[in-house]
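Report on the structure given below.
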Amino acid sequence: MKRTTITSKLVFTALVFSAATVIAQQPAVKRTVLHQQDLSTAGREVVMAKAEFPKGGATGRHTHPGEESSYVAAGTIALEVEGVTKTYKAGESFFVPAGKVHNAVNSDAGESVVIANYIVEKGKPLTTPVK
């Protein structure tokens with residue numbers, strides 16, 4: 001019984017360290033808010049942000065409390081929206097409806113840059129991670 005408990009703890013610890021290593025290896029996406037303004041519609045605001053994706057960088061699966069309308073300024077982005085993936089190159093744009101689970105990944109050899117415009121509910125987090 002004691003050996004099983006020790007083995008279980010060792011396996012659990014190894015899994016935790018493995019997961020931490022994978023997460024640490026994924027390059028982070030840098031987001032910068034460029035503009036934020038209340039709209040004439042009560043309780044809504046527009047947020048413009050620049051997302052810089054290093055090679056292999058990904059946003060992770062998430063949602064927004066409103067719509068996203070984005071422009072790929074540099075590189076290439078593979079955008080998965082609720083299980084369907086489409087690739088967008090520099091000069092192209094895309095739209096993500098409110099509440100849809102999505103993930104953007106830099107599928108280019110260098111950095112990719114996206115200018116995102118969000119029309120969202122004011123006071124709510126701009127992004128909500130989804131597992």
For the student: nearest non-hydrogen atoms of [X] and [Y], plus distance:
X      : Y      : value
Arg44  : Gly66  : NH2-CA, 4.3 Å
Ala104 : Ile77  : CB-CG2, 3.8 Å
Ala58  : Val29  : O-CG2, 3.4 Å
Asp108 : Asn106 : N-OD1, 2.7 Å
Val114 : Ser70  : CG1-CB, 3.7 Å

Practice item. Check for a donor-acceptor pair, side chain of His102 on one end and backbone N or O of His62 on the other, with a separation under 3.5 Å. Key: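 Pair found, side chain donor or acceptor close to backbone of His62.
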
Exercise for review: Walk me through it: do Asn117 and Tyr71 pass the test side-chain contact (heavy atoms from CB on, under 4.5 Å)?
Suggested key: CA-CA 9 Å; Asn117 295 284; Tyr71 174 78; over 6 Å; no

Side-chain donor-acceptor distances from residues 83-91 under 3.5 Å, at least two apart:
none

Practice item. Could you please spell out the steps behind the side-chain contact (heavy atoms from CB on, under 4.5 Å) verdict for Tyr118 and Glu67? Key: CA-CA 6 Å; Tyr118 306 96; Glu67 290 76 16; over 6 Å; no

What donor-acceptor contacts under 3.5 angstrom involve side-chain atoms of residues 45-56, with partners at least two apart or in another chain?
| residue | atom | partner | partner atom | Å |
| --- | --- | --- | --- | --- |
| Glu45 | OE1 | Gln36 | NE2 | 3.1 |
| Glu45 | OE2 | Gln36 | NE2 | 3.3 |

Check your understanding: Do you see a donor-acceptor pair shorter than 3.5 Å between the side chains of Asn103 and Thr59?
Key ->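 There is such a pair (donor and acceptor under 3.5 Å, judged by atom type) between the side chains of Asn103 and Thr59.
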
Check your understanding: Are Val72 and Val96 co-members of a hydrophobic cluster defined by side-chain heavy atoms under 4.5 Å apart?
Key ->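 Cluster IDs for Val96 and Val72 match.
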
Review point. Atom CD of Glu68 and atom OG1 of Thr63: how far apart are they, to the nearest 0.5 Å?
Key: 11.0 Å

Review point. Between atom CG of Leu34 and atom CD1 of Ile115, what is the distance when rounded to the nearest 0.5 Å?
Key: 5.5 Å

Check your understanding: Does Glu80 reach the side chain of Arg61, with side-chain heavy atoms less than 4.5 Å apart?
Key ->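 A side-chain contact under 4.5 Å exists here.
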
Review point. Any salt bridge between Lys30 and Glu111, counting N to O under 4.0 Å?
Key: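 A salt bridge is absent here (no side-chain N lies under 4.0 Å from a carboxylate O).
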
